[in-house]
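Reviewing the structure listed below.
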Amino acid sequence: MDPFKNALSFLDDISSYLSPADKPYLARLKNPNHVHKDILQVSMDDGSKKDFPAFRSQHNNALGPYKGGIRFHPGVTEAEIKALSLWMSLKCSIAGLPYGGSKGGVIVDPKKLSKSELESLSRAYARFLAPHIGEHVDVPAPDVNTNPQIMAYLLDEYEKVIGHHAPGAFTGKPLILGGSMGRDKATGYGGVLALKFLIEKLKSKHSGGSQTAPLHKAPSSDTPTWYMKPISQITVAVQGFGNVGYFFAKIASEQGFRVVAVSDSKGATYLETGLDPVATMECKRQKGSLAGCYCKGGVCDLKGGTMMSNEDLLQLPVDILVPSALENVITKDNTSKIKASVIVEMANGPITSEADHLLTSKNVLIIPDIYANSGGVSVSYFEWVQNLMGYYWTEEEVDEKLEALMKTSFNKMFKRSEEGTISLRKAAYLVAVERIIEAERMRRPL
Ligand code: GLU
């Protein structure tokens, strides 16, 4: 399915819940304000020149400057970048940030580039972006396959173009160039906070005997409801072991959850008794992929586990499933095989809208992407604030502010879900869309 059409169908799902006065404004969110595109020409190490199509979609800026990451991936398309920019508008809105939404991408497999080719591509992308971005215009950040080093190249090239320092024009930078403490772990940490807030709420509803919205599976007689189990028995499978999946697995495990499986693009590693995400990452670094980590027999660094495919990981009988890689991994074709009680969407758009309807009707509780992975852009916001004032916070200060921000937006989402007896996704979309509409109405009333 076309990724942008898929994103629009999530918007259509909430249309009937909007007030008659708000409804006409929804049309403004159905197209990005601008889609910039170009072909970047990069000199390769062998002297040849290669073309790479590049995009930046600026979706909506009623609440503030456009904000969103940049991905380098062979699967990038214009429709995907437009969908991701719409989700950024909603994500920044539900998080209560003074930002709109945008997203950028280049069609490239960065793993096939040398270090200097990757630097040249990043600098070419910065020159393409330069007329369209700025601290108060559009603030890019890392996304799939981009990192603080790439942000450093982008910032350096951008500052050359404009002729002065502007650290607040990019976030997710290295600390030495004005990055924020706590930014690297922020998305994963925010996801674990989201899960903990959910457990707290469900437990308090359960003990209060509340009969409101059936947001979770009815307790069965033989197995305790997942959230009533001791935390060490709550099992978690994480699909995707990049920055987001790694920090989610690491922090969840530190907080006592039993992380039984993680995967990268080549496959998953599973250990029923719970694996050690830090040791697993160390093994992945040494071997180049998770293949071979936790294998049974043969030469294994970490004994006792098994290898499986990404698809098998999605179908594990775990309490919590955490897709943390790319879009559309859970579709109408594999929903019937999903056994988890809860899905925490750490990737953007991992569940298609058709699959979302099927899972919700089976009472699978989904913490939606626009809320679940908003920890990353929230600490990007803190980074930008620190850059603008030129005064920097400790990691403890950043973590504390992130927790407060995510708690506020969780409570708004949960309350809305209970009031309307609607899914957390619909509730999150409504909270986010209504805030954007309020700003649109003040700026450009219909
Ligand atoms: N790429 C991240 C996201 O999808 C972070 C964006 C940002 O920090 O601006 O939320």
Side-chain angles (χ1 to χ4, degrees), residues 3 7 55-61 63-73 76 80-106 129 133-148 150-151 154-155 167-174 178-180 182-191 194 240 242-248 323-327 344-350 367-387 398 401-402 405-406 409 428 432:
F55 307 94
R56 181 77 178 168
S57 171
Q58 298 175 321
H59 176 262
N60 184 279
N61 62 348
L63 289 167
Y66 299 107
K67 183 86 192 78
I70 295 162
R71 68 172 54 177
F72 287 176
H73 195 273
V76 162
E80 180 201 39
I81 297 300
K82 281 167 65 179
L84 291 163
S85 69
L86 160 59
W87 285 326
M88 282 310 301
S89 295
L90 302 180
K91 193 184 304 188
C92 293
S93 179
I94 191 175
L97 309 181
Y99 287 143
S102 54
K103 197 72 150 205
V106 179
L129 280 181
I133 64 162
E135 290 176 321
H136 299 288
V137 182
D138 182 359
V139 183
D143 194 76
V144 174
N145 289 337
T146 53
N147 58 23
I150 291 176
M151 294 307 115
L154 294 171
L155 177 73
F170 293 87
T171 61
K173 302 180 294 291
S180 177
R183 176 64 184 86
D184 54 353
K185 68 165 197 276
T187 314
Y189 179 43
N243 176 275
V244 176
Y246 169 66
F247 278 108
F248 187 100
S324 310
L326 294 170
E327 306 87 82
V344 186
E345 290 188 314
M346 295 307 289
N348 293 307
I367 311 186
D369 49 4
I370 61 166
Y371 170 71
N373 70 39
S374 65
V377 74
S378 297
V379 177
S380 274
Y381 163 58
F382 298 149
E383 180 175 336
W384 179 78
V385 169
Q386 293 169 80
N387 295 150
V398 171
K401 289 184 200 320
L402 176 63
L405 205 69
M406 291 212 56
S409 42

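Computation of the quantities below employed the complete heavy-atom set of this structure, encompassing side-chain atoms and omitting hydrogens, waters and symmetry-equivalent molecules. Both ligands and their constituent atoms are indexed starting at 1 by order of listing.
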Legend entry - Nearest neighbour of atom 2 (C) of ligand 1 from the list Gly68, Pro142, Gly376, on a heavy-atom basis: Pro142
Can any side-chain N or O of [X] pair as donor or acceptor with the backbone N or O of [Y] at less than 3.5 Å?
X	Y	value
Ser409	Ala95	no
Glu383	Val379	no
Asn145	Phe72	yes
Ser89	Gly100	no

Which atoms of ligand 1 sit under 4.0 Å from any heavy atom of [X]?
X	value
Lys103	1 (N), 3 (C), 4 (O)
Ala141	7 (C), 8 (O), 9 (O)
Asp143	1 (N), 2 (C), 4 (O)
Lys91	3 (C), 4 (O), 10 (O)
Arg183	5 (C), 8 (O)
Asn348	4 (O)

Legend entry - Protein heavy atom at shortest distance from atom 8 (O) of ligand 1: Ser380 OG, 2.5 Å
Legend entry - Nearest-neighbour protein heavy atom for atom 9 (O) of ligand 1, which is reported as residue plus atom name and distance: Lys67 NZ, 2.7 Å
Legend entry - Note, Val144 side chain near Leu326 side chain (heavy atom, < 4.5 Å): yes
Legend entry - Short N-O contact, Lys91 and Glu345, less than 4.0 angstrom: no
Inset, instruction - May I ask you to say whether Glu80 pairs ionically with Lys103, meaning some side-chain N is under 4.0 Å from a carboxylate O? - result: no
